[in-house]
*Asks:* 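Got a structure here, written out as structure tokens. Questions coming.
For this chain, numbers begin at 1 and follow the sequence in order. The figures that follow rest on heavy atoms only: side chains count, while hydrogens, waters and symmetry mates do not.
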Amino acid sequence: MHAGFQQEQKRLNGVMDVITEQIRQVESETSDLKNEVVNIRRHFWDEIKVNTDTFDDFLETIISLRQETQALSVSQSTYGHAAKRLATLRRMQAVPYFGRIDFLEEGYTAEEQIYIGISSLVDTIGEDFLIYDWRAPISSVYYDYEPGPAQYKTPEGKIYGQLEKKWQYMIRNGELQSMFDTSLTIGDDILQQVLGKGTNKYMQNIVATIQKEQNRIIRHDQGRLLIVHGAAGSGKTSAALQRIAFLLYKYRDYLKADQIVLFSPNAMFNSYVSNVLPELGEENMQQVTFQEYLDHRLNKDFQLENPFDQLEYVLTAANTPSYNARIKGIQFKASVHFFEAIKLYRETLEKSAMLFKDIKFRGKVIISAQQLTDRFYGEDISLNFYNRLEKLRDWLMSQIKEIEKMERLKPWAEEEIELLSNETYHKIHKYLAEKNGFAREEMADYEMDHKALIQVIVHQKLKPVRKRIQALDFIDIEGIYKQLFADPLWMQQQLGGEVPKEWEEICHATLQMLEAGKLYYEDATPFLLLQELIQGFQTNRSIKHILIDEAQDYSPFQFEFLKRLFPAAKMTVLGDFNQAIFAHASETGDFQILHRLYGEDQTDVITMTRSYRSTKPIIEFTRSLIANGEKIIPFERAGELPVLTEVKNHTELHQVIISKVAALQGQGYESIAIICKSAEESKTAFEALTQIESIKLLKYGSAEYEQGVVVIPSYLAKGIEFEAVIIYDASEQTYEDESLRRIFYTACTRAMHELQLYSVGKPNLFMKKALQENLIRIETCSNQGK
């Protein structure tokens, strides 16, 4: 063991002592603070004298209540910070730091040794940093430079200097296992070890192995929109999550985790990434799928198709008569042209075609839709659209007041009084007594006026009507959206050649769905957009940053909608168009369409071409499946060639898969995915493979990513990685159409160490190049499982 290693272990021992002492102190502090919070809660009302006899007494009560509430809030906040620090220190006990730079700042004669870990640590007297947080400005030198001239940004400006040396450490449970003097790249030795390991049910943080291009994403801080276009396995999601941790650190005084939203592809993915921020000592941001948002807004009015039902249709219904029209409809309704048509259609409503609903009370029409139409188009044409709606709403509220007066005279009001329960009667009595200035002790003396009682009853009964009017629920949005498809000629006149030739068939199918109270997934965002353009946008200004993963699956419509929904937010968008598996993807061949969201000057693009997930042979195979695949650079990690085995029938297929799974488990693999094209194929495969112990079927709605052997549709596997992947049936019959190339590529890129493909009959044509260039090994069934 060389002297340098011994010296580093000695320093590490000293750091471990400081961490242990700080844990002891913070544990004691946390315990005291917890007791203080419990005590304040327990005796909260003991300290407050509630007295409302006079105004001064009332004021004193309010001040006393506010002081106690403030004391509780401060104690809870202090306890929360202490508990968070304690959790971080305990994590640091295992791996206090992972890197070091020796940096000579310009104007100084001695270099400084900067040790880098997941959080900062100062010595016992609070003077010197023993460890710097990986997000600190100086730490960026570690990720961005090789030895030589280097610089980093601080709030005061740039600091220049010389990076003398860069070290990496492998530390486990306080013991220094190895150290590397790295001159060119971070992590080639350590990264090999990290990538060579197995996976588990959660994505891991990558702070010890952040690469230069990933660091650019993490610390990027200009403009409104950052677009990250990255190859499969390039670490874009990991980098984006570290980016959130960095932003929470840099702007900790005014950016909180609950002001950040991650839009992820499905609920299972939410579970998969839920560990990254807590591992770094940060709270998790809000996580949601776009479908959950659509459901929240629309499912009370419609039965809403979800994106995976739409995709399942695309993958399994190719032989049905209406298939081609549906595909063309999906593509057109996701396009910029349709977005512009919706905006144009809204403008036409200023002159005609607005539809309203009858306003009913007790089963009878009290104000007809025709009255509303006449009023909307008959008065104040000079006012803008929204002002006219406001004016119509004000007129309706005044009409309801008049109707209320008339309803008081009708027999039903008297009948309602007779049906009142004692409890309701006393509530109204109390309400009217208070309204007429009676104190609590005088209420029994109040004699309730019969007219006043009827007024309250009629007013309450009309409350739902007033509520609907306030919410502009008298506008028939559904009818207005239907109108868009009732006359196919209108769209053709507006957009000409941009409208698909199947438009009439598309219109007919859309109307059929709407009549049945259902909404195609491709109609959900356009419907919502039209509603917002008519009624005004429901914006959320509290959200400061949104992250959109698998962004290639979003349509231009959805991006425009999110921009309007979160007007105060910056946006980070991550995607890979080689994995654009939804039918509308052909309309959005790259992220160029996004540049118009905030303008070129507010938009930055970072492209990641190096892939880390898979071994070099797997990446060389998968990149041969797509156009321009040669731009993807594999990380130099050795492994076996992917294997293709042709089988005669499904019986033989299931026998060899069962055998292969056993062989993979024998090699120590714990995460094995059998990836199928669709949910339909997954169900068939799962039922045939039940003799594999603890095999699980993952489907849409699965809340948690599972370890072990799983059967999963290709589209649900996106964003997740597995130690070994088995492609259930890579035959020409299953992947028969060019439109399935991306879904096949996506499935194959999930593999980290082993990729096994089976084909019932001839293999698909996507693998032609790989077979010609010997990027895949052909095996016979007799070799399987050995």
*Asks:* Rounded to the nearest 0.5 Å, what's the gap from CD1 on I606 to CZ on R216? Could you check?
*Replies:*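 Here the interatomic distance stands at 4.0 Å.
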*Asks:* Does any donor atom in the side chain of Q310 or E522 lie under 3.5 Å from an acceptor atom in the other side chain?
*Replies:*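 Checked: Q310/E522 side chains pair up, N/O donor to acceptor below 3.5 Å.
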*Asks:* Can you tell me how far apart CD (Q483) and CG (L349) are? Round to the nearest 0.5 Å.
*Replies:*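 It comes to 7.5 Å.
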*Asks:* Mark yes or no for whether R224, through its side chain, and A569, through its backbone, hold a donor-acceptor pair below 3.5 Å.
*Replies:*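 The answer is yes, because a donor-acceptor pair under 3.5 Å joins these two groups.
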*Asks:* Classify the ring geometry of Y293 against F290: parallel below 30°, tilted from 30° to 60°, perpendicular beyond 60°.
*Replies:*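 Ring orientation of Y293 relative to F290: tilted.
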*Asks:* Side chains of F744 and M767: does their closest heavy-atom pair fall under 4.5 Å?
*Replies:*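 Heavy-atom side-chain distance check passes, below 4.5 Å.
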*Asks:* Kindly check if the number of other-residue, nucleotide or ligand heavy atoms within 6.0 Å of CD (Q602) is above 12?
*Replies:*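 Yes, the 6.0 Å shell around CD holds more than 12 heavy atoms from other groups.
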*Asks:* With a cut-off of under 6.0 Å to the ring centre and 45° to the axis, is R346 in cation-pi contact with F385?
*Replies:*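 So R346 does make the cation-pi contact.
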*Asks:* Would you mind reporting whether S611 and I619 have side-chain heavy atoms less than 4.5 Å apart?
*Replies:*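 The answer is yes, as the side chains (C-beta and beyond) meet within the 4.5 Å cut-off.
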*Asks:* Can you name the closest pair of heavy atoms from L533 and R564 and give their distance?
*Replies:*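 For L533 and R564, the tightest heavy-atom pair comes out as CD2-NH1, 3.9 Å.
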*Asks:* Can you check whether D576's main-chain N or O pairs, donor with acceptor, with Q552's side chain at less than 3.5 Å?
*Replies:*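 It does hold such a pair.
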*Asks:* One pair to check against ring pair (Phe, Tyr, Trp, His ring centres under 6.0 Å): Y323 and Y313. What are the steps and the verdict?
*Replies:* CA-CA 9 Å; Y323 183 79; Y313 173 87; 5.7 Å; yes
*Asks:* Can you tell me if N764 uses its side chain to pair, donor with acceptor, with the backbone of Y735 under 3.5 Å?
*Replies:*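 No, the answer is negative, given that no donor and acceptor are paired below the 3.5 Å cut-off.
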*Asks:* More than 12 non-hydrogen atoms from neighbouring residues, nucleotides or ligands closer than 6.0 Å to NZ on K391, yes or no?
*Replies:*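 Incorrect, the count does not exceed 12.
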*Asks:* Quick one: do the Q286 and D258 side chains pair a donor with an acceptor below 3.5 Å?
*Replies:*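 There is no such pair between these side chains.
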*Asks:* If only side-chain N and O atoms count, and only distance matters, is there a donor-acceptor pair under 3.5 Å linking N387 with E390?
*Replies:*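 Side chains of E390 and N387: no pair found under 3.5 Å.
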*Asks:* For F537, is the NZ or CZ atom of R297 found under 6.0 angstrom from the centre of its six-membered ring and inside 45 degrees of the ring axis?
*Replies:*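 Negative - R297 is either too far from the ring of F537 or too far off its axis.
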*Asks:* Does the side chain of I506 reach to within under 4.5 Å of the side chain of F332, using non-hydrogen atoms?
*Replies:*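 No, side chains not in contact.
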*Asks:* Do K683 and E312 sit within salt-bridge range, that is, some charged N less than 4.0 Å from a carboxylate O?
*Replies:*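 No, K683 and E312 are not salt-bridged.
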*Asks:* Are side-chain heavy atoms of I367 and L372 found at a separation under 4.5 Å?
*Replies:*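 With C-beta onward as the side chain, the pair touches.
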*Asks:* Whether E736 and K762 form a salt bridge (side-chain N of Lys/Arg under 4.0 Å from carboxylate O of Asp/Glu) is what I want to check.
*Replies:*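 No, this pair does not count.
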*Asks:* Kindly assign one of parallel, tilted or perpendicular to the pair Y554 and F263, based on the angle between their ring planes and the thresholds 30° and 60°.
*Replies:*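 If you compare the ring of Y554 with that of F263, the planes turn out perpendicular.
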*Asks:* Determine, step by step, whether Y521 and Q291 satisfy the side chain to side chain contact (heavy atoms under 4.5 Å, CB included) criterion, reporting the C-alpha distance in whole Å, the side-chain angles of both residues, the deciding distance to 0.1 Å, and the verdict.
*Replies:* CA-CA 9 Å; Y521 180 66; Q291 178 66 20; 3.3 Å; yes
*Asks:* Hey, is the main chain of A751 close enough, under 3.5 Å, to the side chain of S614 for a donor-acceptor pair?
*Replies:*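 Looks like yes, one N/O pair under 3.5 Å.
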*Asks:* Between R613 and E721, does any side-chain N to carboxylate O distance fall below 4.0 Å?
*Replies:*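 Between E721 and R613 there is a salt bridge, with a charged N closer than 4.0 Å to a carboxylate O.
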*Asks:* Do D549 and T237 meet the criterion of a side-chain donor-acceptor pair at a distance under 3.5 Å?
*Replies:*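 On atom types as modelled, these side chains qualify, holding a pair under 3.5 Å.
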*Asks:* Atom CD of residue position E630 - does it have more than 12 heavy atoms of other residues, nucleotides or ligands inside 6.0 Å?
*Replies:*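 Check passes, neighbour count above 12.
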*Asks:* Which heavy-atom pair separates F485 from C507 by the least distance, and what is that distance?
*Replies:*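 Closest approach of F485 to C507: O-CB, 3.4 Å.
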*Asks:* Do the ring planes of F527 and F302 sit parallel (below 30°), tilted (30 to 60°) or perpendicular (above 60°)?
*Replies:*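 F527 vs F302 ring planes: perpendicular.
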*Asks:* Please determine whether a side-chain nitrogen of the Lys or Arg among R596 and E560 lies less than 4.0 Å from a carboxylate oxygen of the Asp or Glu.
*Replies:*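 Answer for the salt bridge query: yes.
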*Asks:* Could you measure the distance from the CZ atom of F766 to the OG atom of S624? Nearest 0.5 Å is fine.
*Replies:*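 Taking CZ in F766 and OG in S624, the distance rounds to 12.0 Å.
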*Asks:* Could you check whether any side-chain N or O of S238 sits under 3.5 Å from a backbone N or O of G235, counting only pairs where one atom can act as donor and the other as acceptor?
*Replies:*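 No; zero donor-acceptor contacts below 3.5 Å.
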*Asks:* When you measure from the side chain of E504 to the backbone of P488, do you find a donor-acceptor pair of N or O atoms at a distance under 3.5 Å?
*Replies:*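 Here the side-chain-to-backbone pair does not exist.
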*Asks:* Assess whether a salt bridge exists between E478 and K482, defined as any Lys/Arg side-chain N lying under 4.0 Å from an Asp/Glu carboxylate O.
*Replies:*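 Salt bridge flag = yes for K482 with E478.
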*Asks:* Please find the pair of heavy atoms, one from L698 and one from P713, that lie closest to each other, and give the distance.
*Replies:*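 Here L698 and P713 meet closest at O-CD, 3.3 Å.
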*Asks:* Looking at D729 and S759, would you say the former's side chain and the latter's main chain have a donor-acceptor pair under 3.5 Å?
*Replies:*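 No: the side chain of D729 does not pair with the backbone of S759.
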*Asks:* Would you please test R243 and T572 for side chain to side chain contact (heavy atoms under 4.5 Å, CB included) and show each step?
*Replies:* CA-CA 9 Å; R243 170 167 169 71; T572 300; 3.0 Å; yes
*Asks:* Honestly, is R388 close enough over F376, meaning NZ or CZ under 6.0 Å from the six-membered ring centre and within 45° of the axis?
*Replies:*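 Yes, R388 sits over the ring of F376.
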*Asks:* Working to the nearest 0.5 angstrom, can you tell me the gap between I674 CD1 and Y728 OH?
*Replies:*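 If we round to the nearest 0.5 Å, I674:CD1 and Y728:OH are 9.5 Å apart.
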*Asks:* Could you tell me whether the side chain of T603 reaches within less than 4.5 Å of the side chain of L594, counting heavy atoms only?
*Replies:*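 In short, these two side chains do not touch, never coming nearer than 4.5 Å.
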*Asks:* Taking atom NE2 as the centre, does H595 end up with more than 12 heavy-atom neighbours from other residues, nucleotides or ligands that are less than 6.0 angstrom away?
*Replies:*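 Atom NE2 in H595 is crowded, with more than 12 foreign heavy atoms closer than 6.0 Å.
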*Asks:* Tell me whether K343 is salt-bridged to E340, with the criterion being a basic N under 4.0 Å from an acidic carboxylate O.
*Replies:*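 Salt bridge: yes.
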*Asks:* side-chain hydrogen bond (donor to acceptor under 3.5 Å, both in side chains) with D301: which residues, sequence neighbours excluded?
*Replies:*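 With neighbours one apart ignored, the set is empty.
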*Asks:* So, do T539 and F566 sit near enough that their side-chain heavy atoms are less than 4.5 Å apart?
*Replies:*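 Heavy-atom side-chain distance check fails, nothing below 4.5 Å.
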*Asks:* Could you go step by step and tell me if F356 and D476 meet the side chain to side chain contact (heavy atoms under 4.5 Å, CB included) rule?
*Replies:* CA-CA 5 Å; F356 298 98; D476 184 3; 5.8 Å; no
*Asks:* I'd like to know if K357 pairs up with D473 as an ion pair, taking the criterion as any Lys NZ or Arg NE/NH1/NH2 lying under 4.0 Å from an Asp or Glu carboxylate oxygen.
*Replies:*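 Salt bridge: yes.
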*Asks:* Determine whether a donor-acceptor pair (N or O, by modelled atom type, separation under 3.5 Å) exists between the side chain of R741 and the backbone of L625.
*Replies:*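 Confirmed, R741 side chain pairs with L625 backbone.
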*Asks:* If we ignore angles and hydrogens, is there a donor and acceptor under 3.5 Å between the side chains of Q535 and Y386?
*Replies:*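 No pair is found: no donor N or O on one side chain lies under 3.5 Å from an acceptor on the other.
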*Asks:* Between CG of L574 and CE of M608, what distance do you get to the nearest 0.5 Å?
*Replies:*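 Going from CG on L574 over to CE on M608, the span is 9.5 Å.
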*Asks:* Could you tell me if Y481 and Q531 have a donor-acceptor pair between their side chains, going purely by distance under 3.5 Å?
*Replies:*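 On atom types as modelled, these side chains do not qualify, holding no pair under 3.5 Å.
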*Asks:* Could you go step by step and tell me if C748 and T622 meet the side chain to side chain contact (heavy atoms under 4.5 Å, CB included) rule?
*Replies:* CA-CA 7 Å; C748 293; T622 55; 3.7 Å; yes
*Asks:* Would you indicate whether the side-chain heavy atoms of M285 and L241 approach each other to under 4.5 Å?
*Replies:*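 Yes, their side chains come closer than 4.5 Å.
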*Asks:* I'd like to check T749 versus N578 (side-chain heavy atoms, cut-off strictly below 4.5 Å). Are they in contact?
*Replies:*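 In short, these two side chains do not touch, never coming nearer than 4.5 Å.
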*Asks:* Kindly indicate whether a cation-pi arrangement holds for R623 with Y745, taking the cut-offs as under 6.0 Å to the six-membered ring centre and within 45° of the axis.
*Replies:*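 No - R623 does not lie over the ring of Y745 by the 6.0 Å and 45° rule.
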*Asks:* Give, for atom CG of L226 and atom CD1 of I217, the distance between the pair rounded to the nearest 0.5 Å.
*Replies:*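 Going from the CG atom of L226 to the CD1 atom of I217 covers 7.0 Å.
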*Asks:* Test your reading of the model: is there a side-chain donor-acceptor pair from K236 to the backbone of A231, 3.5 Å cut-off?
*Replies:*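 Yes, because the side chain of K236 sits within donor-acceptor range (under 3.5 Å) of the backbone of A231.
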*Asks:* Quick check: does any side chain N or O of Q558 sit under 3.5 Å from a backbone N or O of S555, one acting as donor and the other as acceptor?
*Replies:*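 Pair found, side chain donor or acceptor close to backbone of S555.
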*Asks:* Assess the residue pair E305 and R326 against the criterion (salt bridge (charged side-chain N to carboxylate O under 4.0 Å, His left out)); give the C-alpha distance rounded to whole Å, side-chain angles, the decisive distance to 0.1 Å, and a yes or no.
*Replies:* CA-CA 14 Å; E305 180 187 49; R326 174 81 197 273; 2.8 Å; yes
*Asks:* What are the two closest heavy atoms between A717 and F722, and how far apart are they?
*Replies:*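 The answer is CB-CE1, 4.2 Å.
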